[in-house]
Engineer: 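What follows is a structure written as structure tokens; I'll ask about it next.
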Amino acid sequence: MLRQKKLTSVGLVLILCFSTMSFKCGGEDRARQLAKIEDDISQAQIGIATLLTQAKVDNTISEVDMETLKYYLLRVNTANAKAIEATRKIGVDGNIDQDRQTELLSAISMVSDALVQLNNAGQLRIKDPKKRLAFNALVLTMQGAISTAVVLLVRKEK
Amino acid sequence: MTLEELERLIKLAAFAQQAALEIMNFINNKREQGGKTKDEILDHAQQANDEARKIIEAL
């Protein structure tokens, strides 16, 4: 009887420990996924900037069009920098409190807004079809990353 | 079970939990990002973002 009580107590304590552990691991994973998303957005920007540099060399884009695209691309860059800064503030336990969530959603929203305008401008101003196709692919990558970030942020932790 | 035994058991469980957490964090940190921690990924993202900015400003 006493032995059974001991085993039950040990079992209950272990269940409690493992439940707490899975919650903490989920939080850290979310923060790492956000970091990876921001890295993907950074890489996509390099891709777009590189193809625009090539368009400038090829003389397939006007100076006015280039300035417009440059403006929106810089806005994406600034917003992503804010998102990186906000993600860095997430503690080692991966817990995203209300303030941090608001800050991150605001930064992601800025990236999204700038991306929509960049995309619209790019469709009109990038005349070379191959470059426009590459541009579309990179914009899609960023849009997918942003969608994933929003899902991660609004999802309730179990 | 006495109170002292229960207290000792809880302390042991807490120690085991901490060790398990350390192991899980270690395993998580060795996943698809090539073993990088959150901060290492952020450093990489920051560097890439800064590099993008330089290329954009040179356009």
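Numbered from 1 within each chain, the chains take letters A, B, ... in sequence-line order.
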Engineer: Just how far is it from atom CD of A:Gln33 to atom CD1 of B:Ile41, taken to the nearest 0.5 Å?
Structural biologist: 10.0 Å
Engineer: If you round to the nearest 0.5 Å, how far is NZ of B:Lys38 from CZ of A:Arg88?
Structural biologist: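 The CZ atom of A:Arg88 sits 8.0 Å away from the NZ atom of B:Lys38.
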Engineer: Should A:Leu105 and A:Ile146 be regarded as members of a common hydrophobic cluster, given that ILVMFWY residues are connected when their side-chain heavy atoms come within less than 4.5 Å of each other, either directly or indirectly?
Structural biologist: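 Yes, it is one cluster - the side chains of A:Leu105 and A:Ile146 are joined through contacts under 4.5 Å.
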Engineer: Consider only side-chain heavy atoms of I, L, V, M, F, W and Y, link residues closer than 4.5 Å, and tell whether A:Tyr71 and A:Ile126 are in one cluster.
Structural biologist: yes
Engineer: Would you give the length of the straight line joining atom CG of A:Leu73 to atom CD of B:Glu57, rounded to the nearest 0.5 angstrom?
Structural biologist: 10.5 Å
Engineer: Roughly how far, to the nearest 0.5 Å, is CG of A:Asn80 from CZ of B:Arg53?
Structural biologist: 11.0 Å
Engineer: For chain B, find which of A:Val76, A:Ile41, A:Ile37, A:Thr87 contributes the most heavy-atom pairs closer than 4.5 angstrom.
Structural biologist: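 The option with the most such pairs is A:Thr87.
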Engineer: Any salt bridge between A:Asp39 and B:Lys36, counting N to O under 4.0 Å?
Structural biologist: no
Engineer: What are the two closest non-hydrogen atoms of B:Ala48 and A:Ser42, and how far apart are they?
Structural biologist: CB-CB, 3.5 Å
Engineer: For the residue pair A:Gln43 and B:Glu51, establish whether any side-chain heavy-atom pair is separated by less than 4.5 Å.
Structural biologist: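 Not touching, per the 4.5 Å side-chain cut-off.
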Engineer: Tell me if the NZ atom of A:Lys130 is crowded by more than 12 foreign heavy atoms within 6.0 Å.
Structural biologist: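 No, the 6.0 Å shell around NZ holds no more than 12 heavy atoms from other groups.
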Engineer: Does one hydrophobic cluster hold both A:Leu140 and A:Leu69, with members joined at side-chain heavy-atom distances below 4.5 Å?
Structural biologist: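 Cluster IDs for A:Leu140 and A:Leu69 differ.
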Engineer: To check you understand the geometry: which heavy-atom pair defines the closest contact between B:Ile56 and A:Ala49, and what is its length?
Structural biologist: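 For B:Ile56 versus A:Ala49, the nearest heavy atoms are CG1-CB, 3.8 Å.
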Engineer: Kindly work out whether a path of hydrophobic side-chain contacts (I/L/V/M/F/W/Y, heavy atoms less than 4.5 Å apart) joins A:Ile84 to A:Ile108.
Structural biologist: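 No; tracing contacts between hydrophobic side chains, which count when under 4.5 Å, never links both residues.
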Engineer: State plainly whether one hydrophobic cluster holds both A:Val139 and A:Met66, where clusters connect Ile, Leu, Val, Met, Phe, Trp and Tyr through side-chain heavy atoms under 4.5 angstrom apart.
Structural biologist: yes
Engineer: So which part of A:Lys56 gets closer than 4.5 Å to some heavy atom of chain B, the side chain, the backbone, both or neither?
Structural biologist: side chain
Engineer: If you measure only the distance, is there a donor-acceptor pair under 3.5 Å linking the side chains of A:Arg32 and B:Thr37?
Structural biologist: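 Side chains of A:Arg32 and B:Thr37: no pair found under 3.5 Å.
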Engineer: Any donor-acceptor pair under 3.5 Å linking the side chain of A:Asn77 with the backbone of B:Ala52?
Structural biologist: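 No.
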Engineer: Quick one: does A:Lys70's side chain have a donor or acceptor within less than 3.5 Å of a partner on B:Leu59's backbone?
Structural biologist: yes
Engineer: When only pairs under 4.5 Å are counted, which of B:Leu42, B:Ile55, B:Asp50 shares the most heavy-atom pairs with chain A?
Structural biologist: B:Leu42
